[in-house]
Novice: 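My structure is below; once you've seen it, I'll send some questions.
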2 protein chains.
Amino acid sequence: MTLSEEDYIKAIYHLGKGEKTLVSTNAIAEQMSTKPSSVTDMVKKLSEKGLVNYRRYKGVSLSEIGNKTALSIVRKHRLWEVFLVEKLDFAWDEVHEVAEQLEHIKSDALIDKLDAHLGFPRVDPHGDPIPSKEGEFKKVIKKLLSEVDIKTEGICVGVKDSSAPFLKFLDRNKIAIRDAIKVLDKEEFDGSLDIEINGRKVHISNQIASNLYLEIKEVE
Amino acid sequence: MTLSEEDYIKAIYHLGKGEKTLVSTNAIAEQMSTKPSSVTDMVKKLSEKGLVNYRRYKGVSLSEIGNKTALSIVRKHRLWEVFLVEKLDFAWDEVHEVAEQLEHIKSDALIDKLDAHLGFPRVDPHGDPIPSKEGEFKKVIKKLLSEVDIKTEGICVGVKDSSAPFLKFLDRNKIAIRDAIKVLDKEEFDGSLDIEINGRKVHISNQIASNLYLEIKEVE
DNA sequence: TAATATTTTTAGATGAATCTAAAAATATGT
DNA sequence: ACATATTTTTAGATTCATCTAAAAATATTA
Ligand SMILES: [Mn+2]
Ligand SMILES: [Mn+2]
Ligand SMILES: [Mn+2]
Ligand SMILES: [Mn+2]
């Protein structure tokens, strides 16, 4: 597989939200910053190789093999992100671009040894799960902070927007993955929230809340 | 710069032995397992970019910029090799192929942080020096073990042949970089040697001796 | 030096990944 | 439903890195 094919497979995977949903040519083109005509060409090639199911004018979805392939690339991407943050001291908003390159290095031994070196992490610095070698990972049941009820308690497990500006905002405001969060109050008018984060009370806008994922505490 | 351009620059660097020697088209083709006609094409392009000096039918040499570029790629290659051996527990004969890919990752921050993470090593697992960020490294004054006089003492600082079979042979025979070596006796007929290595006496063939570099102890 | 051998370059082709412009299919709105 | 808008595909071109085959330059050797 070429680097380009891998990036397309990954884009289709992400646009399909991990399921094998039908994805449109235009959506792929936008995601990859290319032209729809280029996407059509590539999608035909991937279809011939059996990595995607493609019906013209209808859309494209990952095949079984395509899905496995996507998971292996995602695994590499996220393991490298952990490495960059944990071992090389990168900030979590700086790792994406480099991981985008490192994910294409071809060596099974390398990724196995990297995994071991990192202590077999199960989530990346942005809270996203790392698929196992066999392509499995447990789906975290998470909700957007903006959509949970008052009094809900949970743990911050991920971000929806993982752009540098948003991640930097979180750093400045000392909001991090694995922080305990409790919703204290909700303003109906603008959807802003009063929350308690690691014991500290803060007020956050709806825009922030709708980009933070919470794993809700099991309340029996 | 493309990956391919980088590999050509590095090949020219190695064939020119680090000096800016004239290198032939055929030599490059052999080194890179390509055809001479492909080399001519690439060399023209590199020449237009100012990375090499090229006169047709005469040969090619690195320009000042080309040399800097080569050193930066060699630096990356060797730092990654150290990482693979020191941190990921690869054997020294397994790292080359992966480093060949990793050397092309584009990120200055990455290589600086990797360097720091490794404790600013100055040699790679094969004893080869790692150029500084500025492209400088001290040339180790080294001689082939097969060419030193009897009674010479020194430290094993490198291998000429860095193929897996030779490196595995050294492992099996417990000969490693930085081992202290003393030449005890030399057989005129076949050039084989009796040496003392870390206090242990061993007999080695001329073929082995002519692939090991020794840094000679300063004897005042 | 002149014939021969080797090296190097040129000419022309291929496959990958991309683009623009135009055509075809599908979707939307009144 | 039909005119219009949007999406998707096709056709044809470009750039990069490679190849084969043939021509040109250089080196060897008798
Ligand atoms: Mn990528
Ligand atoms: Mn991530
Ligand atoms: Mn390389
Ligand atoms: Mn090396």
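Within every chain, numbering begins at 1; the chains are lettered A, B, ... in the order of the sequence lines, protein sequences first and strands thereafter. Just so you know, these numbers come straight off a predicted model, no measurement behind them.
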Novice: Is it true that the side chains of D7(B) and H104(B) contain a donor and an acceptor less than 3.5 Å apart?
Specialist: yes
Novice: Judged by modelled atom types alone, do W80(B) and D124(B) share a side-chain donor-acceptor pair under 3.5 Å?
Specialist: no
Novice: Please determine, by modelled atom types, if S192(B) and H203(B) share a side-chain donor-acceptor pair under 3.5 angstrom.
Specialist: yes
Novice: Between K58(B) and S33(A), which has a closest nucleotide on DNA chain C that is more 5'?
Specialist: K58(B)
Novice: Figure out the CG/P separation between D41(B) and dT10(C), and round it to whole Å.
Specialist: 9 Å
Novice: What nucleotide, of dT18(C), dA16(C), dT8(D), holds the atom closest to the side chain of M42(A)?
Specialist: dT18(C)
Novice: So, does the side chain of S37(B) form a donor-acceptor pair with the base of dT8(C) at under 3.5 Å?
Specialist: no
Novice: Can you tell me the distance, in whole Å, between the CG atom of L3(B) and the C1' atom of dT15(D)?
Specialist: 17 Å
Novice: Closest approach to the side chain of Y57(A), judged atom by atom: which nucleotide of dT9(C), dT26(C), dC19(C) is it?
Specialist: dT26(C)
Novice: From CD of E5(A) over to P of dG15(C), roughly how many Å is that when rounded to an integer?
Specialist: 15 Å
Novice: Any donor-acceptor pair under 3.5 Å linking the side-chain atoms of H126(B) with those of E81(B)?
Specialist: yes
Novice: Categorize S4(A) for me: base, sugar-phosphate, or nothing, with a 4.0 angstrom heavy-atom threshold over every strand shown.
Specialist: sugar-phosphate
Novice: Rounding to a whole Å, what distance do you find between E48(B):CD and dC16(D):C1'?
Specialist: 14 Å
Novice: Could you tell me the separation between the CZ atom of R55(B) and the P atom of dT26(D), rounded to a whole number of Å?
Specialist: 11 Å
Novice: Rounded to the Å, how far apart are M1(A) CE and dA16(C) P?
Specialist: 13 Å
Novice: Which whole-number value in Å describes the distance from K49(B) NZ to dT15(D) C1'?
Specialist: 12 Å
Novice: Respond yes when some side-chain nitrogen or oxygen of Y54(A) is under 4.0 Å from OP1 or OP2 of dT9(D), and no when none is.
Specialist: yes
Novice: Using OP1 and OP2 only, check whether a side-chain N or O of N26(A) sits under 4.0 Å from dT8(D).
Specialist: yes
Novice: State whether Y8(B) places a side-chain N or O below 4.0 Å from either non-bridging phosphate oxygen (OP1 or OP2) of dT18(D).
Specialist: yes
Novice: With sugar-phosphate meaning primed atoms plus P, OP1 and OP2, does K44(B) contact a base, only sugar-phosphate, or nothing at under 4.0 Å between heavy atoms?
Specialist: sugar-phosphate
Novice: When the distance from NZ of K35(A) to P of dT20(C) is rounded to whole Å, what number comes out?
Specialist: 5 Å
Novice: Is there a side-chain contact between S38(A) and the phosphate of dT18(C), meaning an N or O under 4.0 Å from OP1 or OP2?
Specialist: no
Novice: Would you say the side chain of K49(A) lies within less than 4.5 Å of the side chain of M1(A), judging by non-hydrogen atoms?
Specialist: no
Novice: Hey, does T25(B) reach any base, or is it just sugar-phosphate, or nothing, if we go heavy atoms under 4.0 Å?
Specialist: sugar-phosphate
